[in-house]
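Remember, it's a predicted structure, so these values are computed and weren't measured experimentally.
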Amino acid sequence: MAHISTSDSAQSPDAALKPLLTVRDLSVEYRTKSGRVRAVDHVSFDINAGEVFGLAGESGCGKSTIAHAITRLLKPPAYTEGGDIRFQGRNVLELKDDALRAFRWEHVAIVFQSAMNALNPILTIGDQIVDVIRAHTGMSTRQARARALELLQVVGIDAKRIDSYPHQLSGGMRQRTVIATALALNPELIVMDEPTTALDVVVQKQIIDELQQLKKQFGFSILFITHDLSLLVEISDRIGIMYAGELVEIATARQLFKNPRHPYTQRLMNSFPSIHGAKQEMLGIPGSPPDLIHPPTGCRFHPRCSKVIAGVCREIHPQLIPLDATHAAACHLVNEGLHDAN
Amino acid sequence: MQTEPILEARDLTKHFVAGGAMSRQTVKAVQNVSIKLFPGKVTAVVGESGSGKSTVVRMLARLIEPTSGQMFFKQHNVLEDKGRRTLLSYRGQVQIIFQDPFSSLNPVHRVGYVLQRPLRIHHIANQKRQIQQRVHDLLQQVSLIPAADYAVKYPHQLSGGQRQRVAIARALAVEPKVILADEPVSMLDVSIRLGILNLMAKLRDEQRIAFLYVTHDIASARYFADELLVMYAGHAVEGGDTESLLQDPLHPYTQLLISAVPDPARGLRTAEIKIKGEIPSLTAVGDGCPFADRCPHVLPKCREAMPPATVLPGKRWVRCYLFDGK
């Protein structure tokens with residue numbers, strides 16, 4: 001089975017900084033009728049306090065599964081098969097009942113892509129925020145409502161909307177409501193899984209700008225998951241690139257943008273046309289992401305890679321190799337120093 | 001060197017009636033949109049959800065009838081032709097590709113069958129051998145090779161990108177002059193979107209097909225389109241040569257839209273445009289410019305009437321009072 005070493009050198013440049021969340025060798029499998037699908041395979045990364053950590057990859061690469069594993073929301077047929085997740089030193093995978101309830105909302109909040117499904121259609125948005133607050137604190141309904149009002153204003157929703165039902169709000173306002181709810185208990189980490197994918201670019205921009213303001217104000221960390229690499233490069237401090245269940249490159253946003261080392265990252269970067277600069281022909285990536293029931297041998301990207309080394313890439317599974325203190329890539333070219341020659 | 005447009009729409013308007021007898025409302029989906037498509041050129045329509053861009057496609061494909069306006073195919077007014085025959089002949093020249101290749105292909109039929117249907121309906125090929133040959137040619141044109149293997153597959157055995165290629169092959173089957181592509185890549189994985197856009201660019205160049213490319217992704221419109229039309233709340237607000245329009249957007253909405261596109265190449269956030277408000281409800285659009293309530297440069301007359309199109313050098317035009325009379 002595939003294996004990526006846990007390379008500490010790929011973590012924060014500031015060694016004194018204690019990570020808020022550490023994920024080590026995390027593996028998650030879906031046990032389906034047609035076989036076991038290893039959706040996440042030995043993935044390791046850290047998220048530091050106050051940091052935006054981005055995870056990017058295409059559909060089926062395992063990025064959402066990681067979000068679910070961290071928040072302990074995996075449901076059968078998905079099972080955590082191995083690894084370790086620690087939040088402020090505590091073992092997340094062993095949290096039970098009350099401790100897990102407190103962990104979710106009070107320490108880690110979640111914002112999913114579809115705000116429509118995250119909100120209860122028969123409750124007003126005010127009541128839903130009040131519910132979350134009351135379930136976790138000793139606040140009275142009145143106090144909680146006052147707090148809900150404050151939160152809605154923080155995310156730019158007019159106070160008079162507090163008694164609106166979700167269907168009366170636009171998509172952008174619904175997603176803001178979900179973000180307000182996530183902020184309710186001042187969590188240290190907010191996991192955001194494609195939070196703006198269903199929104200138009202202008203609304204996306206509004207929400208991202210507000211989010212950055214809120215982050216400055218409250219100091220939480222964000223795990224931001226999206227397939228939109230250009231958005232991720234703009235907002236993240238560090239980024240991990242996933243392919244077929246594995247973390248294939250991890251770097252600061254700047255390094256990733258200026259000097260991506262894994263051929264998949266390079267091709268992915270080159271899959272987003274820009275609205276500025278010289279117009280050039282772009283190729284995207286030939287082929288399709290692999291079937292994870294029967295993943296390719298060796299490097300999982302080799303069937304789509306234009307830089308395959310004969311006798312190596314098809315046979316040997318590459319490990320994540322540190323390039324410097326903040327940059328690591330899982331590619332044989334990096335290992336052999338052949339990369340730049342190509 | 002541009003010749004006559006192959007397909008031209010003038011002042012297309014579509015109003016839908018919504019609600020019951022007691023709460024009747026008019027949804028002004030598209031208002032006075034004009035568009036020209038030229039052989040071997042791509043015209044992109046960009047806009048957000050609810051801007052009316054898909055309604056424009058549906059009218060051009062004659063899936064719905066416009067409330068008012070005119071449509072000309074090779075200078076012939078097509079809206080005057082009502083019969084099934086003429087509609088069939090129109091569809092033989094103007095084809096459509098939908099956003100979702102998972103629902104646009106019938107799951108119970110093999111790819112070969114999907115591609116035979118238009119050949120038979122439009123009497124392009126009748127003999128069995130001729131049809132099979134043509135099906136294989138089509139699959140090769142969209143790079144589904146070996147064609148014989150793909151012809152016998154069912155849609156569920158294909159990836160999203162491959163399905164969209166089948167949808168393109170189906171559109172090509174009738175040898176159309178125009179292809180209307182409604183968000184053809186937005187449901188696909190990012191790594192395969194460019195492959196589809198490049199394929200369509202090849203068809204544009206080699207077969208001189210006129211494309212209408214509808215998208216919310218301006219960067220992909222820049223990549224693929226020769227001309228651009230920007231829509232907002234049912235109105236076409238600005239149009240012209242893609243490069244010129246994107247480098248120097250004139251309409252305040254176009255400026256807002258472009259500033260909102262994430263673009264790491266732009267470097268650290270420059271010239272921020274503060275965004276206010278949301279797209280108005282299409283039942284509440286008045287006679288004025290629909291962007292007036294959000295516009296930083298709004299004038300009193302903007303709320304009274306939609307500005308006329310101001311034609312500018314370089315095939316540019318804009319509907320905004322800031323440029324009226326210049």
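Residue contact with chain A, scored on non-hydrogen atoms closer than 4.5 Å, involves the backbone and the side chain of B/Asp189 alike. For A/Asp228, the part lying near chain B is the side chain, with the backbone staying farther off; criterion is any non-hydrogen pair under 4.5 Å. Contacts between A/Leu231 and chain B at a heavy-atom distance below 4.5 Å involve backbone atoms as well as side-chain atoms. Within the 4.5 angstrom heavy-atom criterion, atoms from both the backbone and the side chain of B/Ser49 approach chain A. Proximity to chain B (any heavy atom under 4.5 Å) is shown, for A/Pro286, by neither the backbone nor the side chain. Within the 4.5 angstrom heavy-atom criterion, only side-chain atoms of A/Gln204, from C-beta onward, approach chain B.
Contact count versus chain A (heavy atoms, under 4.5 Å) is highest, among B/Asn198, B/Leu257, B/Leu197, B/Leu246, for B/Asn198. For the options A/Leu283, A/Leu268, A/Val233, heavy-atom pairs under 4.5 Å to chain B are most numerous at A/Leu283.
Taking all atoms of both residues into account, the shortest heavy-atom contact from A/Ser271 to B/Val190 is CB-O, 3.8 Å.
B/Arg294 places a side-chain heavy atom less than 4.5 Å from the side chain of A/Val202. Looking only at side-chain heavy atoms (C-beta outward), A/Pro273 and B/Leu194 come within less than 4.5 Å of each other.
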Where do A/Ile285 and B/Ile192 land on the side chain to side chain contact (heavy atoms under 4.5 Å, CB included) test, with the steps shown first? CA-CA 6 Å; A/Ile285 310 179; B/Ile192 56 181; 6.0 Å; no
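Other residues, nucleotides and ligands contribute more than 12 heavy atoms inside 6.0 Å of the NZ atom of A/Lys279.
Side chain of B/Arg193 to main chain of A/Phe272: no donor-acceptor pair is present (N/O by atom type, distance under 3.5 Å, no hydrogens or angles). Side chain of A/Lys205 to backbone of B/Val261: no donor-acceptor contact under 3.5 angstrom is found.
Between the OG atom in A/Ser274 and the CD1 atom in B/Ile218 there is a gap of 11.5 Å [rounded to 0.5 Å].
For B/Ser191 and A/Arg304, the side-chain atoms include at least one donor-acceptor pair closer than 3.5 Å.
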